[in-house]
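Down below is the structure, laid out as structure tokens.
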Amino acid sequence: MVIFFKSTTTNPPTVIYMGKDKVENEDLIKYAWPQDIWFHVDKLSSAHVYLRLPSSVKSWEEIPQPLLIDCAQLVKANSIEGNKKDNITIIYTPADNLKKTGDMATGQVSFHKDNRVKRVYVAKRENPIINRLNKTKVEKEVDHEQEKVERLKVEAAVRRAAAAERKKTDLELARAREAEKAARSYDSLFSGEPEVVDEEALKNLEEDFM
């Protein structure tokens, strides 16, 4: 079971999610998306909370402060010990920086690179933030493997569309250059003989585009 929340500090709202137990946390570690950011209370037991970084945020190091605070507060609220304490630290890192080895306990992780781990200080629990997030709370069974297959299909389609757009742009640019070359040609302007356009080059570009 995966628990989903939405932070309304962004428009559209941003997805935040966490596993309901240690077993689910293992699946989340395995199937986290490339744009997911992992949060946890530093040096204390807590839920593994993930932020699905919105496309409007270019880097995990540039998470808007209100969104970062939402994630940190949610982690604190879902730590038995951390929820009772003030002045705690939340650590966060891209999900692909999580390191899991066979000798680790269920739900336990380390990091591939410690310098990719950042920290945010939380002075105290902010109930208005937790109450707002809890109003968006939804629990769902997730088929992680199927979700991964569907995500990869979408990503592949986006890459193909981007490649087609680049080829189209290259073809238009090549045609424009050939037209400019012909327009500036001495023979075209003064002898009445048309400039020879490199049709072979254009044909190759068109074939690439098709």
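What you are looking at is a predicted structure, and each value in this text was computed from that prediction instead of being measured. Throughout, residue positions are numbered sequentially from 1 according to the sequence presented.
Rounded to the nearest 0.5 Å, atoms CG (Asp96) and CD1 (Ile37) are 8.0 Å apart. The NZ atom of Lys140 lies 14.5 Å from the NZ atom of Lys20; values are rounded to the nearest 0.5 Å. In this structure, Glu24 CD and Glu141 CD are separated by 7.5 Å, a value rounded to the nearest 0.5 Å. Rounding to the nearest 0.5 angstrom, the gap separating the CG atom in Asp70 from the CG atom in Leu51 is 9.5 Å. Rounding to the nearest 0.5 Å places CG of Asp143 at 8.5 Å from OH of Tyr31. Between Thr89 atom OG1 and His40 atom NE2 the span is 13.5 Å, to the nearest 0.5 Å.
Within the 3.5 Å criterion, the main-chain N or O of Pro94 finds no donor-acceptor partner in the side chain of Asn97. Remark: the backbone N or O of Met18 is not paired with any side-chain donor or acceptor of His48 at under 3.5 angstrom. A donor-acceptor pair is defined here as one N or O able to donate and one able to accept, closer than 3.5 Å; no such pair exists between the side chain of Asn25 and the backbone of Thr106. Side chain of Ser79 to main chain of Ser45: a donor-acceptor pair is present (N/O by atom type, distance under 3.5 Å, no hydrogens or angles). Side chain of Thr10 to main chain of Thr14: a donor-acceptor pair is present (N/O by atom type, distance under 3.5 Å, no hydrogens or angles). In this structure, the side chain of Ser46 engages the main chain of Val41 through a donor-acceptor pair within 3.5 Å. Lys6 places no side-chain N or O within 3.5 Å of a backbone atom of Leu133 that could act as its donor or acceptor partner. For Gln73 (side chain) and Ile130 (main-chain N/O), no donor-acceptor pair under 3.5 Å exists by modelled atom type. Under a 3.5 Å cut-off, the side chain of Lys85 and the backbone N or O of Lys76 do not form any donor-acceptor pair.
The side-chain heavy atoms of Lys22 and Glu26, taken from C-beta on, include no pair separated by under 4.5 Å. Residues Phe39 and Leu74 have side chains not in contact (no heavy-atom distance under 4.5 Å, counting atoms from C-beta outward).
Counting non-hydrogen atoms of neighbouring residues, nucleotides and ligands closer than 6.0 angstrom, the CZ atom of Arg177 reaches no more than 12 such neighbours. By the 6.0 Å contact criterion, NZ on Lys99 is open, its count of non-hydrogen atoms from other residues, nucleotides or ligands being 12 or less. Annotation for Ile80: atom CD1 does not count as buried by contact number, only 12 or fewer foreign heavy atoms lying within 6.0 Å.
Taking both residues in full, the closest heavy atoms of Arg125 and Ala77 are given as NH1-CB, 3.6 Å, listed atom of the first, atom of the second, then distance. For Asp86 against Ala123, the heavy-atom pair with the smallest separation is CB-O, 3.1 Å. For the pair Val109 and Met104, the tightest heavy-atom approach, listed with the atom from each and the gap, is CA-SD, 3.9 Å. Contact detail for Pro64 and Val57: the closest heavy-atom pair is CD-CG2, 3.8 Å. Heavy atoms only, all atoms of each residue included: Ala95 and Tyr50 are closest at CB-CE2, 4.2 Å. Nearest approach of Ile91 to Phe111, heavy atoms of both residues: CD1-CZ, 3.9 Å.
Side-chain heavy atoms closer than 4.5 Å link hydrophobic residues (I, L, V, M, F, W, Y) into clusters, and following such links, even through other members, never connects Ile16 to Val2. In this structure, Leu53 is a member of the same hydrophobic cluster as Val120, with clusters built from ILVMFWY side-chain heavy atoms closer than 4.5 Å. Hydrophobic clustering (ILVMFWY, side-chain heavy atoms < 4.5 Å, transitive): Ile29 and Val49 are in distinct clusters. The hydrophobic cluster containing Val75 does not contain Leu28, counting ILVMFWY residues as joined when their side-chain heavy atoms lie under 4.5 angstrom apart, directly or transitively. Linking Ile, Leu, Val, Met, Phe, Trp and Tyr whenever their side-chain heavy atoms come within less than 4.5 Å puts Ile90 and Leu68 in one cluster.
Note: Trp60 and Tyr92 have perpendicular aromatic rings, judged against thresholds of 30 and 60 degrees for the angle between ring planes.
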### Residue pair Ile88, Glu81: steps toward the side-chain contact (heavy atoms from CB on, under 4.5 Å) verdict
CA-CA 10 Å; Ile88 66 171; Glu81 188 175 356; over 6 Å; no

